[in-house]
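Below is one structure, written out as structure tokens, with a few remarks after it.
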There are 2 protein chains.
Amino acid sequence: MAQAARAGAQARGGSPDDSWGGVSPDAARRLLVAAVEAFAERGFHATTTRDIAGRAGMSPAALYIHYRTKEELLYHISRVGHDRSVRLLSEAAEAAGPYRERLAGAVRTFVRWHAEHHTTARVVQYELSALGEEHYAEIVGLRRRSEKVMRDLVAAGAEAGEFAVDDPRATALAVLSLCIDVARWYSPGRRTPEEIGAFYADLALRMVGAAPR
Amino acid sequence: MAQAARAGAQARGGSPDDSWGGVSPDAARRLLVAAVEAFAERGFHATTTRDIAGRAGMSPAALYIHYRTKEELLYHISRVGHDRSVRLLSEAAEAAGPYRERLAGAVRTFVRWHAEHHTTARVVQYELSALGEEHYAEIVGLRRRSEKVMRDLVAAGAEAGEFAVDDPRATALAVLSLCIDVARWYSPGRRTPEEIGAFYADLALRMVGAAPR
DNA sequence: CCGCACGCTGAGCGCCTGCTCAGCGTGCGG
DNA sequence: CCGCACGCTGAGCAGGCGCTCAGCGTGCGG
């Protein structure tokens with residue numbers, strides 16, 4: 001199959017993703033980082049525990065000292081990733097200032113995170129369905145929270161007369177959808193996460209009818 | 001795992017997708033439809049040949065009379081799906097009339113297809129990386145064609161003074177990204193594909209700075 | 001200097017996967 | 001009415017999967 005060549009280039013070209021610095025012990029962190037890379041490249045079901053352990057420089061059995069199952073590894077990644085992205089979105093949305101600035105800030109931050117941590121984000125956004133029943137339900141809950149944050153922001157801006165939208169709920173979903181899809185197509189080079197974030201903030205303002213003219 | 005319950009509900013609630021009517025013989029078509037449903041629900045790697053054959057009401061061995069491998073089944077789906085969506089997009093983009101109407105028409109048609117055939121679209125858009133090397137390269141080519149269609153349309157509208165965009169290439173990518181992501185979140189109910197298409201056409205016009213005020 | 005606790009490995013179990021093949025049934029040309 | 005051709009099945013193979021476990025090495029408290 002073709003993944004090896006395609007994904008290998010991307011992995012070595014991409015960043016090692018520094019967002020797992022706090023995880024200890026060292027071996028557990030190395031396994032987590034290896035799993036993020038492997039899941040992002042091949043997907044959860046196409047990744048073997050031998051592959052994860054190999055990338056972390058360990059034997060397959062070592063994985064089970066730190067995590068009970070392969071699915072638990074995915075759950076950890078999803079959990080931490082969602083926590084982080086929801087928190088970034090909420091903090092930006094609840095900042096002081098006019099709604100158009102809050103929306104621009106929220107989109108810029110959210111998009112920048114999806115570009116900078118695109119390997120993690122890809123796992124978080126697209127491997128969700130491989131989670132077990134209970135873990136899936138929990139993660140969907142977090143996901144709904146970020147939808148609510150965006151929905152409330154757009155609705156508040158509309159009520160305040162800053163935004164001109166017919167359907168705040170659908171508009172909010174579309175803005176979020178646009179941001180999330182960054183994780184699917186982004187790869188380093190061409191433009192920086194910061195630039196894409198700024199560009200998307202402008203697009204979001206246009207979508208809610210609040211673009212500076 | 002949780003897929004069975006989640007996906008089962010969706011499969012039986014959703015449409016059986018009529019876009020494969022032309023495929024014959026009958027058994028080959030049933031297998032194709034079964035594969036689309038299974039891949040959309042669980043993903044390519046989590047789907048077994050026994051599952052596909054079972055859904056089509058046949059024994060596992062029957063699959064290999066009509067298709068050489070499981071991957072070839074995915075290739076057929078991707079090929080036909082991409083052909084169809086690229087053609088829909090091109091025809092709408094190359095219609096007569098002002099660019100703003102062409103863009104609106106293209107987005108409406110493209111989004112409607114992604115919603116109506118969301119099972120097929122999900123496979124087409126998100127299972128791509130499971131293809132073999134050569135098939136992957138071919139499909140990526142089709143994909144680039146749809147990117148070019150949208151890019152040319154946005155650039156032409158900008159040059160004609162109908163659109164106000166800073167970066168036509170990035171704007172076109174964002175519009176396409178927004179449309180494609182419909183396949184990820186759409187499920188029947190709430191709003192019809194037609195309604196979502198019309199709403200997204202309006203969003204696209206706003207994104208290129210050509211919204212009616 | 002001993003011995004225990006802990007992180008880790010090599011070997012491997014049981015299961016399930018994609019895929020194969022000899023043979024069976026059915027329907028159609030002669 | 002025969003016989004061949006073709007679509008399909010039941011049984012099953014080789015290999016790879018997630019996961020386990022007895023035992024090895026190393027470093028630290030006593």
Side-chain angles (χ1 to χ4, degrees), chain A residues 1-4 7 20 23-39 41-78 123 127 129-136, chain B residues 1-4 23-39 41-78 123 127 129-136:
Chain A
M1 293 264 178
Q3 293 90 333
W20 308 101
V23 179
S24 74
D26 182 68
R29 197 191 61 248
R30 270 156 48 217
L31 285 165
L32 210 60
V33 171
V36 169
E37 285 175 10
F39 292 163
E41 285 172 21
R42 300 153 143 65
F44 177 81
H45 289 292
T47 298
T48 69
T49 53
R50 283 162 238 264
D51 181 25
I52 297 169
R55 284 171 192 249
M58 306 173 82
S59 91
L63 196 151
Y64 295 89
I65 293 159
H66 301 282
Y67 303 93
R68 271 180 303 161
T69 61
K70 189 176 94 165
E71 191 266 356
E72 193 175 277
L73 217 28
L74 176 64
Y75 169 63
H76 258 87
I77 295 164
S78 288
V123 177
E127 299 300 322
S129 67
L131 287 168
E133 195 104 50
E134 288 175 29
H135 290 162
Y136 179 81
Chain B
M1 293 267 179
Q3 293 90 332
V23 179
S24 74
D26 182 68
R29 197 192 60 248
R30 271 155 49 215
L31 285 164
L32 209 61
V33 171
V36 169
E37 285 175 10
F39 292 164
E41 285 172 21
R42 302 152 143 63
F44 177 81
H45 289 292
T47 299
T48 69
T49 53
R50 284 164 237 262
D51 182 25
I52 298 170
R55 284 171 191 249
M58 305 171 84
S59 92
L63 197 152
Y64 294 89
I65 293 160
H66 301 282
Y67 304 93
R68 270 180 305 161
T69 61
K70 187 176 95 165
E71 192 264 357
E72 195 175 274
L73 218 27
L74 176 64
Y75 169 64
H76 259 85
I77 295 164
S78 289
V123 176
E127 298 301 322
S129 67
L131 287 168
E133 195 104 49
E134 289 176 29
H135 289 162
Y136 179 81

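Each chain gets a letter, A, B and so on, in the order its sequence line appears, and its residues count up from 1.
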Which residue lies toward the 5' end of DNA chain C, B:Arg68 or A:Gly57, if each is placed at its nearest nucleotide?
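Upstream on the strand: A:Gly57.
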Look at the side chain of [X] and the backbone N and O of [Y], then say whether any donor-acceptor pair between them is shorter than 3.5 Å.
| X | Y | value |
| --- | --- | --- |
| A:Glu127 | A:Leu74 | no |
| B:Lys70 | B:Phe44 | yes |
| B:Arg42 | B:Thr47 | no |

In which ranges does DNA chain C form stems of 3 or more consecutive Watson-Crick or G-U pairs, distances under 3.5 Å?
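For DNA chain C the paired stretches long enough to count as stems (3 pairs minimum) are C:1-30 with D:1-30.
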Would you indicate, yes or no, if [N] has its OP1 or OP2 atom less than 4.0 angstrom from a side-chain nitrogen or oxygen of [X]?
| X | N | answer |
| --- | --- | --- |
| B:Tyr64 | C:dT20 | no |
| A:His66 | C:dC8 | yes |
| A:Ser59 | C:dC8 | no |

With the side chain counted from C-beta on, respond yes when A:His66 and A:Pro25 share a heavy-atom pair under 4.5 Å apart, and no when they do not.
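Heavy-atom side-chain distance check passes, below 4.5 Å.
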Ring-plane angle category for B:Tyr75 and B:His135, please: parallel below 30°, perpendicular beyond 60°, tilted otherwise.
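Answer is parallel, since the angle falls under 30°.
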With the side chain of A:Thr69 defined as its heavy atoms from C-beta on, choose the nearest nucleotide among C:dC19, D:dC8, D:dC19.
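Within the option list, the nearest is D:dC19.
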From C-beta outward on A:Thr48, which listed nucleotide comes closest to its side chain: D:dC8, D:dG18, C:dC8?
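My answer, after comparing the listed nucleotides, is D:dG18.
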Rounded to the Å, how far apart are B:His45 NE2 and D:dC17 P?
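That distance rounds to 12 Å.
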Output the rounded distance in Å from CD1 (A:Ile65) to P (C:dA5).
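Rounded to whole Å, this separation is 17 Å.
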Would you say the base of D:dG16 and the side-chain of A:Arg50 have a donor-acceptor pair closer than 3.5 Å?
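No pair found.
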